[in-house]
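Note sheet for the following structure.
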Number of protein chains: 2
Amino acid sequence: MTPYLIDDTDYRILQLLIEDSTLSHKDIGAEVHLTGQAVGARIRRMRELEIIEGYTIRWNPLRIGQNMHAFITVFLSTNAAHLPFQNFAKNHKSVAELYRISGEGCYWMRVRTVNQEALTAFLDELLGYGNYRVNLDMGKIK
Amino acid sequence: MTPYLIDDTDYRILQLLIEDSTLSHKDIGAEVHLTGQAVGARIRRMRELEIIEGYTIRWNPLRIGQNMHAFITVFLSTNAAHLPFQNFAKNHKSVAELYRISGEGCYWMRVRTVNQEALTAFLDELLGYGNYRVNLDMGKIK
DNA sequence: GTAATTTCCTTTCCGGGTGAAAGTAGAACA
DNA sequence: TGTTCTACTTTCACCCGGAAAGGAAATTAC
């Protein structure tokens, strides 16, 4: 499969970077049969096209005591509730991700807190905007 | 809040790296009042503690035609279905994330496909293991 | 009270990665 | 055949990152 806007080589470079973004351009080049500089140029192009949005790290919240990880579906009954809710979620540091969704519910979000009390406190706040359904992470499989 | 195992300086370094892992140790040091080498040592320590698991990129699947993004809750009725399902999900490239969950449902997963047909095909396969509830991403807010 | 140890930092130094610039090969097209 | 464009390689200079050595402060033992 050759994706939109990029060729197979770009796609392989992208996959390598997703796995390990510290790979040197030279090492990537050895994989895809290019010089490091050519790889650099392709990466720069993908950044300009905003295919690559930035560089970040994979990290483990559990290791620093962020022990609760919840998937929450939010149900809002009135139109007026949307903006206040969005502001609440955007500004709350426990909300790691937030999406508008189709299907059951209005929003889906990923929430992380240090412990159960903090999650309960979060849910109490959330009740001010609408109803919710919570699923707790009981183990990452993939 | 000072998290488990690491001090405030480590935490600030971690946050900076999450935002942009290409920041030089020197620049991070300027933020947290350390030399680049001291920052490097702290980062190395966090890697050894597996707080930092690796370096990766933030990228936009939409830009290369990965147009469908779905949050799927899976319901399995029999014990025997779990292992086959896990193998299916682990090996399927459309499954971006997979968690065991508490609450309604047995598993939660994030699925990305190029288009609606591919998602439908995926769901047809999924039916071989159990039932599901699908929510489509209609817009990322955070 | 003082010496030894540990921890964490800074300074110094070297290998190697990255980006810019210049040059080259091949495809598209009139 | 000549022109242009694109994508690559080569070369070069700069800066980053890790290793090693040295120093300051806190902790522990006697």
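Chain letters run A, B, ... following the sequence lines, proteins first, then strands; residues in each count from 1.
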Exercise for the section: Please check if atom CG in B:Asp124 has more than 12 non-hydrogen atoms from other residues, nucleotides or ligands closer than 6.0 Å. Expected result: yes
Practice task
Report yes or no: do B:His82 and B:Tyr107 form a side-chain donor-acceptor pair below 3.5 Å?
Solution key: yes
Handout entry: Lys/Arg N to Asp/Glu carboxylate O, B:Asp10 vs B:Arg45, below 4.0 Å
Key = yes
Practice task
Let me know the distance between CD1 of B:Ile43 and P of C:dC9, rounded to the nearest Å.
Solution key: 12 Å
Completion exercise
Nearest-nucleotide check on DNA chain D, A:Gln37 vs A:Ala41; residue mapping nearer the 5' end is A:Ala41
Exercise for the section: For the residue pair B:Glu31 and B:Leu16, establish whether any side-chain heavy-atom pair is separated by less than 4.5 Å. Expected result: yes
Completion exercise
When rounded to whole Å, the CZ to P distance for the pair B:Arg45 and C:dC8 reads 7 Å
Exercise for the section: Rounded off to whole Å, could you give me the CG-to-C1' distance for the B:Leu34 and C:dT7 pair? Expected result: 14 Å
Problem - d(NE2, B:His25; C1', C:dC9) in whole Å - result: 16 Å
Fill in the blank from the handout: In terms of heavy-atom contacts, B:Phe122 and B:Ser94 come closest through CD1-CB, 4.4 Å
Practice task
Shoot me the first and last contacting nucleotide of DNA chain D against chain A, ordered 5' to 3', at under 4.0 angstrom to non-hydrogen atoms.
Solution key: D:dC8 to D:dT11
Problem - Nearest heavy atoms of B:Leu136 and B:Leu119, plus distance in Å - result: CD2-CD2, 3.7 Å
